[in-house]
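All of these numbers come straight from a predicted model, not from anything done at the bench.
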Amino acid sequence: MTDPIRGARLGSAPAPLSVLDSAMTGTGQTAVEALAGSIELARLADRRGFTRYWMNEHHAMPGISTSSPPVLLARLTAETSRLRLGAGGIMLPNHPPLIVAEQFGMLDALAPGRIDLGLGRAPGTDHTTAAALRRGASDAEDFPQQVLELLHFLGDDFPAEHPYANRVYAVPGPAQDRLNGVTPPPCRLPVWLLGSSGYSARLAARLGLPFAFAAHFNPHDAVAALRLYRERFAPSKALAEPYALVSFTIAASDDERAARRQAGTLAHAMLRMFQRKSYLLPSPEEVDAYAYDAQERQAVDSWLNHVPHGTPEQVTAHLNQVQRDSGADELMIGGVGHSAQARLRSIELIADAYGMPDTRTDGGSSPWPPSSP
């Protein structure tokens with residue numbers, strides 16, 4: 001059985017590579033088009049040997065169509081064969097832990113050994129929408145306790161004195177197998193903690209879980225967060241040694257200017273959020289026509305520095321440097337741009353630049369281990 005955490009480094013990549021997706025929905029586009037692009041992206045990642053495909057959770061954002069990652073992940077279990085599929089992540093304070101355990105137990109039953117569960121404590125939206133989701137005050141401060149409860153549901157291992165012990169079960173899951181006289185599979189559903197600060201790094205280390213650092217939000221603290229995670233890591237049943245990935249959004253193109261224009265659509269969307277406007281992803285032409293004032297231009301340029309963009313050689317050089325500086329065990333990249341075609345092309349160009357295999361052209365051979373048992 002392959003390791004459910006550790007990926008395989010392919011070609012000249014400095015670490016295993018994975019894909020992050022938000023089903024970006026540009027102006028003039030529908031969710032139907034965006035989600036079709038996500039399905040195609042997962043197929044591409046499966047074909048090119050990426051380790052995992054994760055989808056993040058966002059709400060009330062017209063430029064993003066990922067309000068319910070488990071729904072699309074269920075579809076993708078039938079669209080892929082090698083790829084690990086997961087959430088990067090589920091914003092746990094938005095959901096009862098039992099519901100998350102049930103949803104991902106069902107996904108694991110659909111694609112045994114190929115499902116990841118990444119957890120974050122941010123709302124994935126604005127405060128008003130978060131209140132609507134949670135029907136009241138934020139539960140973010142209870143995040144560590146929510147994580148522990150979820151882990152117990154997934155492991156069927158509540159302490160005997162806990163009120164849920166032998167009374168409340170996540171189905172599908174190991175409790176269902178146990179009660180039905182079936183031996184549960186030895187591989188437990190991997191749970192990751194996500195974050196862009198030292199908070200989640202410390203919690204992941206304390207719980208002995210793999211850690212994913214969101215450098216697409218905060219690239220400057222990646223090195224410090226991974227160092228903190230490794231220094232404080234406590235081995236657990238889930239993980240004997242620390243394992244951390246760093247995620248970036250990228251825009252790659254054969255033409256450097258074209259890549260910058262695609263990255264500029266994301267920068268403009270982030271500017272709107274800073275201005276407390278809805279998250280809209282404009283076309284490059286709309287960005288070109290926008291008259292930025294000096295303050296807006298500074299904000300956009302600052303955000304562009306968060307997004308490695310340019311030719312494949314320029315983007316891979318940046319990724320290689322990040323991996324050297326941070327010692328990341330894995331790199332995760334998400335293509336940005338107004339169109340699904342541009343985002344897919346970014347990911348494919350990076351795979352080409354690193355010389356990753358392509359089962360469409362190699363006769364369907366398997367140059368890396370399959371992800372399922």
Check: residues 123-133 side-chain donor-acceptor pairs under 3.5 Å, at least two apart:
from: Thr125; atom 1: OG1; to: His59; atom 2: O; distance (Å): 2.9
from: Asp126; atom 1: OD1; to: Thr128; atom 2: N; distance (Å): 3.0
from: Asp126; atom 1: OD1; to: Thr129; atom 2: N; distance (Å): 2.9
from: Asp126; atom 1: OD1; to: Thr129; atom 2: OG1; distance (Å): 3.2
from: Asp126; atom 1: OD2; to: Thr129; atom 2: OG1; distance (Å): 2.9

Residues at least two apart in sequence or cross-chain that pass side chain to side chain contact (heavy atoms under 4.5 Å, CB included) with Glu231, listed by chain then number, are Arg227

Side-chain heavy-atom pair Phe211, Leu245 within 4.5 angstrom cut-off
no

Taking Trp54 as the starting point, is it possible to reach Val191 by hopping between hydrophobic residues whose side chains are less than 4.5 Å apart?
yes

Kindly indicate whether the side chain of Leu148, heavy atoms from C-beta on, has any atom under 4.5 Å from the side chain of Phe153.
no

How long is the span from the CG atom in Leu344 to the OG atom in Ser346, to the nearest 0.5 Å?
9.0 Å

For Tyr243 and Glu330, which I'm curious about, is there any donor-acceptor pair between the side chains at under 3.5 Å?
yes

Going by heavy atoms in the side chains, are Ile250 and Ile350 under 4.5 Å from each other?
yes

For residues 65-73, please give each side-chain donor-acceptor pair under 3.5 Å, one per line with the distance, not counting sequence neighbours.
from: Ser65; atom 1: OG; to: Thr25; atom 2: OG1; distance (Å): 2.6
from: Thr66; atom 1: OG1; to: Asn56; atom 2: O; distance (Å): 2.9

Contacts satisfying salt bridge (Lys or Arg N to Asp or Glu O under 4.0 Å) that involve residues 261-285 (not counting sequence neighbours) are Arg261-Glu285, Arg261-Asp288

Is any NZ, NE, NH1 or NH2 atom of the basic residue among Asp254 and Arg345 found under 4.0 Å from an Asp or Glu carboxylate oxygen of the other?
yes

For the ring pair His268 and Tyr290, is the centre-to-centre distance below 6.0 Å?
yes

Short N-O contact, Asp293 and Arg297, less than 4.0 angstrom
no

N-O pairing of Glu256 and Arg260 below 4.0 Å
no

Rounded to the nearest 0.5 Å, the CG atom of Asp177 sits from the CG atom of Asp156 at a distance of 9.5 Å

Near-ring test Phe248/His318, centroid separation under 6.0 angstrom
yes

Please enumerate all residues that pass salt bridge (Lys or Arg N to Asp or Glu O under 4.0 Å) together with Asp116, with sequence neighbours excluded.
Arg52, Arg84

Glu33: side chain to side chain contact (heavy atoms under 4.5 Å, CB included) partners, not counting sequence neighbours
Gln29, Thr30

For residues Leu107 and Gln103, determine if any side-chain heavy atom of one lies less than 4.5 Å from a side-chain heavy atom of the other.
no

Indicate yes or no for a side-chain donor-acceptor contact from Asp3 to the backbone of Arg6 under 3.5 Å, with no hydrogens or angles considered.
yes

Considering residues, nucleotides and ligands other than Gln295, do more than 12 of their heavy atoms fall under 6.0 Å from its CD?
no

Classify the angle between the aromatic ring planes of Phe158 and Tyr164 as parallel (below 30°), tilted (30 to 60°) or perpendicular (above 60°).
perpendicular

